Amino acid sequence: MTTNNAQSPPARRGLLLPMAVLALAAWYALPSLIDAWRNDLYSRGGLLAFLIWLAPQGYILGKSLRSNNNASLAWSAIALFLSATGAMSDLNILQQLALAAAVPGVLGVRWLGLTTSAAALGWLPSTGWLLSHWHVGGLCGWERPAFAVLLAVLLIVQFRLVCQPSPSPQPQP
Amino acid sequence: MKRFILWGALILTTGITFVWPLIPLASAANRLAAIPTASPDFQASPLELSTADRHFLGKANVAHYLIAMRGGGRLILTVIDGTNNRHAVHDPNYCFSGAGWQTQSKTAVKVSTGDATLVMLAKADQKTEALWFFDDGSKQFTSPVEYWLKTSCRRLTLGGSGPEPVLVTLQSLPGETVNWDRVRQILLPALGFR
């Protein structure tokens, strides 16, 4: 790990593209998400679950920035594809999944992105449709945040076990 | 090189996501307008939508009638065409469940050229019955996934994959009974769902 925590100019430029993809995905996904979290009884607690989902991503981003990890273009490409197909087919779920996929692009994680994207189940309104087959009357509001906390803990544990960057070699005298 | 391609894809996606939804699609408004309001078998009176319903449905085309069947039985008919607001059309089971209705029974029934779902609902001391299906102009089906696939393909192909399916719901008035066999065999064909 470098001793200088500031980002070098090339690394900052490297984040510009995934950040732009994230901004586009958020632009298209957030209106439908906010609408569902406010009005859908099966999405109660979704906003809190989303914020809990973001917390470990912030932690991972901080670690990535300090270790000058490269952004993951594969995840940004997936997010772009989902965003475009979602807009063309008018399917909210694709645009929301695009947002979930755009975040690992910024974080610079590869396989861990599968876990961060899967953890989006905690706040995706579509999971409410599946739940409605077993549970009548909507959610109480604690279920999604509780699930999100569980997934956040799992995510951080996985990150610390698998993805911690190895220390940089000591400079030769 | 990868970055250049991805920047190009980002610009292209931004353009597509902006322009694509602006391209108009042929709606099912004609099919809604063709629903008869009177026949030897029934009489239909238009109903006003509530402010909340109008707000929720947005630009969707809606036909909303109180149907009085000859020989007894009254129903509320709602037909929603989501061409201009696909999100106005939901899985009816999801809406019933979200509104606190307990589904006491759910039966797949045959209608003229397809399938429908008949549900018996209860909430506190209220009871009601409803028959619903999606109709694409040539057949009736009940799978919300099939509806999403059809409507999404239609938008992806700018209408080339077929006509827009509409959601048809017939609900009995609270405390009144309806002969659903007569509805399936007589009323639905008379309304044009055949």
Side-chain angles (χ1 to χ4, degrees), chain A residues 10 13-25 27-29 31-32 35-36 39-44 70-95 98 102 105 125-126 128-139, chain B residues 1-23 25 52 55-56 58 82-104 106 121-123 144-145 148-158 161 164:
Chain A
R13 277 202 301 275
L15 273 182
L16 191 60
L17 175 59
M19 289 295 277
V21 172
L22 176 62
L24 180 78
W27 175 262
Y28 282 107
S32 64
D35 188 45
N39 301 312
D40 180 1
L41 298 179
Y42 285 96
S43 292
R44 275 179 181 159
N70 288 326
S72 171
L73 294 185
W75 282 107
S76 296
I78 291 169
L80 269 184
F81 174 75
L82 289 170
S83 228
T85 340
M88 290 165 70
S89 61
D90 199 11
L91 269 179
N92 285 341
I93 185 174
L94 292 185
Q95 293 179 323
S126 312
W129 178 70
L130 295 174
L131 281 173
S132 71
H133 289 82
W134 295 285
H135 182 75
V136 174
L139 300 178
Chain B
M1 184 61 183
K2 279 184 193 168
R3 277 184 188 277
F4 280 117
I5 295 172
L6 216 50
W7 272 112
L10 174 63
I11 293 164
L12 188 67
T13 302
T14 309
I16 284 175
T17 50
F18 181 73
V19 170
W20 206 268
L22 299 178
I23 302 171
L25 285 176
H55 176 73
F56 171 73
T83 306
N84 299 319
N85 178 15
R86 200 178 61 78
H87 306 291
V89 179
H90 284 159
D91 173 1
N93 287 327
Y94 187 67
C95 297
F96 293 140
S97 186
W101 290 97
Q102 183 88 41
T103 304
Q104 291 192 317
K106 189 167 127 183
L121 304 162
K123 181 166 69 171
V145 176
W148 291 325
L149 282 175
K150 276 178 184 260
T151 52
S152 300
C153 283
R154 192 165 183 268
R155 279 149 182 78
L156 279 170
T157 58
L158 293 174
S161 65
E164 180 82 8

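On a predicted model such as this, the values are computed, not experimentally measured, just so you know. Naming: A, B, ... by sequence-line order, numbering from 1 per chain.
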Keeping the roles fixed (side chain from [X], backbone from [Y]), state whether a donor-acceptor pair exists under 3.5 Å.
{"X": "B/Trp20", "Y": "B/Arg155", "value": "yes"}
{"X": "B/Ser152", "Y": "B/Leu149", "value": "no"}
{"X": "B/Arg86", "Y": "A/Asp90", "value": "yes"}

For this session: Side chain from CB out, backbone as N, CA, C, O: work out which of these in B/His87 comes under 4.5 Å of a heavy atom of chain A, or both, or neither.
Result: side chain

Exercise. Considering only heavy atoms, which portion of B/Ile16 lies under 4.5 Å from any heavy atom of chain A: side chain, backbone, both, or neither?
Worked result: side chain

So what's closer than 4.5 Å to chain B heavy atoms on [X]: side chain, backbone, both or neither?
{"X": "A/Tyr28", "result": "side chain"}
{"X": "A/Leu24", "result": "side chain"}
{"X": "A/Asp40", "result": "side chain"}

Problem set entry | CZ (A/Phe81) with more than 12 external heavy atoms under 6.0 Å | no

Exercise. Are more than 12 heavy atoms from other residues, nucleotides or ligands located less than 6.0 Å from atom NZ of B/Lys2?
Worked result: no

